[in-house]
Every structure is written in C-alpha cells, then in structure tokens.
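Input: a single structure, listed below in structure tokens.
Throughout, protein chains are lettered first and strands after them, A, B, ... in sequence-line order, and every chain is numbered starting at 1. No hydrogens, no waters, no symmetry mates; every other heavy atom, side chains included, goes into these values.
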Amino acid sequence: MKSEPDVYSIDHLKKAKTDYWDGIRNYQARNFIRDEMDKGDLAFFYHSNCEEPGIVGIMTVHKPAYPDFTAFDPDEKYFDPKSDPENPRWLMVDVRYVRKLKRPLSLKELKLYKPLETMRLLQRGNRLSVMPVTEKEWNYILELENEVPKK
DNA sequence: GCCAACGTTGGC
DNA sequence: GCCAACGTTGGC
C-alpha cells in the first residue's frame, strides 16, 4: 500500500498504532481492498513520490473494507460528490502498525532482484496505490531485509 | 519540474 | 461506444 510520506508516513502510523487508510479513488485499488483483504492480512507500507521511494514497513489489516467517509465531506481533500452515503463508491480499511523494516528497501534495489521482477509494483506504468503481493515475493523481500544492500 | 503512462470525462 | 482532451500518479 502506497502513501506519500509528506502526507502520511510510516512514522505517522507508528504513532497512531491503528488508523484508517483513506483516499483510495481508483476502482482497481478499491476492488483489491474490498475483495482481497481480510482482518489479519499483512501488508507492506510503501513510501511513494519522495526522495527514496520504497518499502519501509509492515502493517496488518485491522478492519476490513468499509465506506470511506472522507468521500462524503466537502472539506476533505478526497471529497467525491458522486459517492452517495446510501451507496458508497469508495472504501477504506483500518490498518495497524506492526514494525518498520530493519532497513528500507528502495524501489531501485528491489528492481535488481530477478525473483521480484514479476512483482506488480515493478511493472512499468504501474500507478495503483494498492496491489497484491504474492507469498513468494513477500518472503523474498523479508529475507532481503537481513542482507547487505545490493548496489 | 518533466513527462510517460494511465484513468476519467464528455461530446458526438 | 469511440476517442480526444484533460487530470493524476509517481519515478526521475
């Protein structure tokens, strides 16, 4: 799950412990959280659109998909008048902080590993803010944490 | 700040 | 339903 650290970083979540993940305004991303996420599932926290984009931490789904109430509030950045409270268009999940990675795994580094080249995150033109990670990819990434950064 | 790659909008 | 114009994302 991607977030711009200037807006909401892993440290924000660490402090909050549990928080709602709002602002998903893309149907494909919404469908992922609606159809693929259950309570207890693990997710990577990814810093996007920043100096060093990459995976920085781990969190868990604390509450499965429910209506993104920020879509109903005209004062909110992600207000969407087309999302009817009676039939909400956008959803959010609650996430809980688990831990930071022992070292951040930059996008640049992730691209160097063959077993990760099929990762959705690394596909060209990918702009989704939420996307699935396979078990293989997940485990591989967790091992990278303990290794000396590949240059 | 640039721009490629998308997604969305709206006229037809 | 097509598609041009426009807006957004996000790496660089």
Side-chain angles (χ1 to χ4, degrees), chain A residues 1-16 19-37 41-61 64-95 97-134 136-138 140-145 147-151:
Chain A
M1 302 180 78
K2 296 179 185 172
S3 181
E4 301 188 14
D6 292 348
V7 179
Y8 196 96
S9 74
I10 185 77
D11 288 315
H12 287 105
L13 182 60
K14 183 178 183 179
K15 201 171 168 194
D19 216 338
Y20 56 87
W21 196 278
D22 64 330
I24 296 172
R25 297 292 180 270
N26 169 286
Y27 291 103
Q28 231 185 322
R30 179 204 65 186
N31 294 348
F32 283 140
I33 68 163
R34 185 189 61 195
D35 304 333
E36 310 288 343
M37 279 191 168
D41 284 353
L42 294 167
F44 286 128
F45 196 121
Y46 179 92
H47 280 172
S48 68
N49 204 9
C50 56
E51 201 164 321
E52 180 106 304
I55 298 172
V56 293
I58 297 173
M59 54 196 167
T60 186
V61 177
Y66 63 102
D68 182 339
F69 50 81
T70 68
F72 309 138
D73 183 350
D75 293 331
E76 286 281 349
K77 183 185 175 200
Y78 291 107
F79 171 61
D80 181 358
K82 283 180 276 189
S83 187
D84 175 7
E86 295 299 312
N87 184 22
R89 173 177 298 202
W90 304 118
L91 304 173
M92 59 165 83
V93 294
D94 286 357
V95 294
Y97 176 84
V98 175
R99 65 178 179 87
K100 287 194 195 183
L101 296 189
K102 293 170 195 164
R103 63 187 185 90
L105 296 171
S106 72
L107 178 62
K108 201 166 75 181
E109 184 182 348
L110 294 173
K111 283 176 175 171
L112 299 175
Y113 300 100
K114 190 100 179 153
L116 297 182
E117 68 186 12
T118 52
M119 264 194 99
R120 196 129 185 170
L121 177 70
L122 303 185
Q123 300 314 302
R124 120 179 216 277
N126 170 60
R127 283 166 37 191
L128 283 176
S129 63
V130 180
M131 65 193 93
V133 178
T134 68
K136 266 188 172 175
E137 291 159 355
W138 180 275
Y140 191 86
I141 288 167
L142 284 189
E143 288 186 22
L144 288 182
E145 221 188 348
E147 290 175 16
V148 180
K150 190 171 171 179
K151 288 283 167 67

So the side-chain hydrogen bond (donor to acceptor under 3.5 Å, both in side chains) pairs with at least one residue in residues 43-55 of chain A (sequence neighbours excluded) are A:Glu4-A:Asn49
**Q.** A:Lys102/A:Glu147 salt bridge by N-O under 4.0 Å criterion
**A.** no
Comparing nearest nucleotides in DNA chain B, the 5'-proximal residue of the pair A:Asn126, A:Arg89 is A:Asn126
Please check this pair: side chain of A:Glu137 against backbone of A:Thr134, looking for a donor-acceptor N/O pair closer than 3.5 Å. yes
Exercise. Mind checking A:Lys108 for me? I need base, sugar-phosphate or nothing, with any heavy atom below 4.0 Å counting as a touch.
Key: nothing
A:Lys136 NZ: over 12 foreign heavy atoms closer than 6.0 Å: no
*Please check if the side chain of A:Thr70 supplies one atom and the backbone of A:Asp22 the other of a donor-acceptor pair under 3.5 Å.*
no
Side chain A:Ser106, main chain A:Pro53, donor-acceptor under 3.5 Å: no
Exercise. Is it true that the side chains of A:Trp90 and A:Asp80 contain a donor and an acceptor less than 3.5 Å apart?
Worked result: yes
Residue pair A:Asn49/A:Gly125 against DNA chain B: nearer the 5' end by closest nucleotide is A:Asn49
Ordered by number, residues from residues 77-86 of chain A within less than 4.0 Å of DNA chain B (heavy atoms) are A:Lys82
Bounded by its outermost nucleotides with an atom under 4.0 Å from a heavy atom of chain A, the footprint on DNA chain C reads C:dG7 to C:dC12
Does A:Arg89 pair with A:Asp68 as a salt bridge, N-O distance under 4.0 Å? no
